[in-house]
Engineer: 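Provided herewith is a single structure, encoded as structure tokens, for subsequent inquiry.
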Amino acid sequence: MPILNKDMTLCISLSARPSNNGTRFHNHLYDQLDLNWIYKAFAPADLAQAIAGVRGLGIRGCAVSMPYKEDVMALVDELDPSAKAIDSVNTIVNTDGHLKAYNTDYTAIEQLLASNAVPTDYSVLVQGAGGMAKATVAALRDAGFTDVTVIARNEDTGRALAEQYGFQWRATLDGGTADLIINVTPIGMAGGPEVDSLSFPEAAIAAAKVVFDVVALPAETPLIKAARAAGKQVITGAEVATIQALEQFVLYTGVRPTDEQVQAAEDFMRAQ
């Protein structure tokens with residue numbers, strides 16, 4: 001990485017519980033590609049002030065994580081169709097003070113469902129109704145899944161999300177099972193109050209064919225560990241993090257790294 005200097009381009013991430021995933025991934029790619037850039041994670045005390053800082057300080061890119069993916073929409077100048085279609089933002093690009101928002105979470109979910117060859121006739125349970133859940137449910141619908149149930153305690157947000165895409169809503173799992181179960185809640189996330197908790201009960205894991213946890217840190221969440229132990233096909237949040245971060249990198253820099261460079265950055269990110 002270059003020595004800090006006045007010409008260095010800055011990109012940041014905003015999250016209630018920042019991790020080093022994006023920091024390590026982006027900075028490793030900057031180093032491989034000899035870019036005079038640097039990436040830093042923040043936990044903002046005030047979201048509006050943080051976004052004003054992005055604009056005022058000429059910060060090139062800003063990743064947005066839970067719980068800011070919806071609130072940040074009112075603070076930008078333009079929504080890319082990827083963000084507008086699902087009312088959720090995870091990426092902001094600053095071009096001369098003009099802030100345009102995108103959603104690369106959708107791209108990551110879409111690619112992982114396809115690369116793992118998950119059959120679209122599978123029944124699906126999605127637990128959560130926040131910004132990441134919106135990206136997940138939209139990707140499921142666009143991939144051709146039809147038997148999808150959103151599990152969310154908040155009826156207003158849960159029912160609205162499900163009905164927007166023609167799916168079902170339930171307040172609680174209540175013994176339900178499905179071929180594909182997806183956790184899009186903070187349950188199992190490092191640094192959170194439920195870091196050691198299972199987001200789905202063991203009965204649901206046993207009945208599932210594919211288990212998907214979007215929580216990226218730790219890479220092996222309690223749900224993923226339990227699913228592996230049960231011999232299930234798994235898709236991890238670490239995989240989501242790599243794909244969405246790569247697409248952010250391309251939006252920020254205009255450069256698409258080679259597969260080998262991406263793999264090296266991913267290995268570096270996971271070695272922390």
Side-chain angles (χ1 to χ4, degrees), residues 13-19 21-22 25 41 43 47 62-73 79-92 101-113 116 118 124-143 145 148-154 156-162 164-165 167 169 180-192 194-195 197 199-200 210-219 221-224 234-248:
S13 65
L14 300 177
S15 172
R17 293 199 290 269
S19 76
N21 280 353
F25 183 86
L47 181 63
C62 176
V64 182
S65 296
M66 291 188 290
Y68 306 118
K69 294 184 178 187
E70 295 160 295
D71 292 342
V72 78
M73 293 177 64
L79 294 174
D80 182 77
S82 63
K84 189 174 184 179
I86 58 178
D87 293 326
S88 178
V89 165
N90 82 323
T91 306
I92 300 171
Y102 301 79
N103 194 303
T104 65
D105 289 330
Y106 171 94
T107 303
I109 300 296
E110 182 182 48
Q111 288 186 19
L112 286 167
L113 290 171
N116 283 275
V118 183
V124 186
L125 290 173
V126 178
Q127 186 159 233
M132 189 65 176
K134 289 181 177 181
T136 301
V137 173
L140 286 165
R141 191 278 308 273
D142 292 348
F145 291 84
V148 177
T149 300
V150 174
I151 310 296
R153 290 189 298 269
N154 187 311
D156 290 340
T157 57
R159 186 185 293 277
L161 174 59
Q164 179 180 355
Y165 294 98
F167 298 143
W169 164 82
L180 167 62
I181 57 175
I182 308 177
N183 174 48
V184 264
T185 75
I187 297 173
M189 182 181 292
E194 299 175 283
V195 61
S197 300
S199 49
F200 282 91
V210 181
V211 176
F212 191 168
D213 196 342
V214 303
V215 171
L217 193 69
T221 63
L223 177 62
I224 293 298
V234 301
I235 307 173
T236 71
E239 296 172 272
V240 175
T242 297
I243 296 171
Q244 67 86 17
L246 170 61
E247 297 306 319
Q248 287 177 331

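The chain is numbered in sequence order, starting from 1.
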Engineer: Is the backbone N or O of Ala152 less than 3.5 Å from a side-chain atom of Trp169, with the two atoms forming a donor-acceptor pair by type?
Structural biologist: yes
Engineer: Could you go step by step and tell me if Thr242 and Glu239 meet the side chain to side chain donor-acceptor pair (under 3.5 Å) rule?
Structural biologist: CA-CA 5 Å; Thr242 297; Glu239 296 172 272; over 6 Å; no
Engineer: How far does CD of Glu70 sit from CG of Asp87, to the nearest 0.5 angstrom?
Structural biologist: 8.0 Å
Engineer: Give a yes or no answer on whether the side chain of Thr236 reaches the backbone of Ala219 with a donor-acceptor pair at less than 3.5 Å.
Structural biologist: no
Engineer: Counting C-beta onward and ignoring hydrogens, is there a side-chain heavy-atom pair between Ile181 and Phe212 closer than 4.5 Å?
Structural biologist: no
Engineer: So, taking the atom named SG in Cys62 and the one named CD1 in Ile92, what distance separates them when rounded to the nearest 0.5 Å?
Structural biologist: 4.5 Å
Engineer: Are side-chain heavy atoms of Val137 and Val150 found at a separation under 4.5 Å?
Structural biologist: yes
Engineer: Kindly say whether Ser199 contributes a backbone atom to a donor-acceptor pair with the side chain of Gln127 at under 3.5 angstrom?
Structural biologist: yes
Engineer: Identify the heavy atoms of Pro18 and Ala41 that sit nearest to each other, and give their distance.
Structural biologist: CB-CB, 4.0 Å
Engineer: To the nearest 0.5 Å, what is the distance between OH (Tyr106) and CG (Leu140)?
Structural biologist: 10.0 Å
Engineer: Check the pair Met132 / Ile109 against side-chain contact (heavy atoms from CB on, under 4.5 Å), numbers first and verdict last.
Structural biologist: CA-CA 10 Å; Met132 189 65 176; Ile109 300 296; 4.1 Å; yes
Engineer: Side chains of Val210 and Asn116, heavy atoms from C-beta outward: is any pair under 4.5 Å?
Structural biologist: no
Engineer: Taking side chain as C-beta onward, heavy atoms only, is Ile182 less than 4.5 Å from Leu125?
Structural biologist: no
Engineer: Taking it one step at a time, do Thr107 and Glu247 satisfy side chain to side chain donor-acceptor pair (under 3.5 Å)?
Structural biologist: CA-CA 8 Å; Thr107 303; Glu247 297 306 319; 5.9 Å; no
Engineer: Taking Leu113 as the fixed residue, which of Asp142, Leu180, Thr136 is the one that meets the side-chain contact (heavy atoms from CB on, under 4.5 Å) rule?
Structural biologist: Leu180
Engineer: Less than 4.5 Å apart, side chain to side chain, heavy atoms only: is that true for Val124 and Thr149?
Structural biologist: no
Engineer: What closest approach, in Å, do Met189 and Val215 show between heavy atoms, and which atom pair accounts for it?
Structural biologist: CA-CG1, 3.7 Å
Engineer: Which residues satisfy the side chain to side chain donor-acceptor pair (under 3.5 Å) test with Asn90, sequence neighbours excluded?
Structural biologist: Thr104, Asp105, Gln244
Engineer: So, does Asn154 use its side chain to make a donor-acceptor pair with the main chain of Thr157 at under 3.5 Å?
Structural biologist: yes
Engineer: Would you mind reporting whether Pro186 and Arg17 have side-chain heavy atoms less than 4.5 Å apart?
Structural biologist: yes
Engineer: What are the two closest heavy atoms between Leu14 and Tyr68, and how far apart are they?
Structural biologist: O-CD1, 4.1 Å
Engineer: At their closest point, which heavy atom of Lys134 faces which heavy atom of Ile86, and how far apart are they?
Structural biologist: CD-O, 3.0 Å
Engineer: Taking all atoms of both residues into account, what is the closest heavy-atom pair of Val148 and Phe167, and its distance?
Structural biologist: O-CB, 3.2 Å
Engineer: Give the intermediate values and the outcome of side-chain contact (heavy atoms from CB on, under 4.5 Å) for residues Val118 and Leu112.
Structural biologist: CA-CA 9 Å; Val118 183; Leu112 286 167; over 6 Å; no
Engineer: Would you name the heavy atoms of Tyr165 and Ala138 that are closest together and state the gap between them?
Structural biologist: OH-CB, 3.6 Å
Engineer: Tell me which one of Asn103, Asp71, Leu79 satisfies side-chain contact (heavy atoms from CB on, under 4.5 Å) with Val89.
Structural biologist: Leu79
Engineer: Starting at CG of Asn183, measure out to CG of Asp213 and round the result to the nearest 0.5 Å.
Structural biologist: 4.5 Å
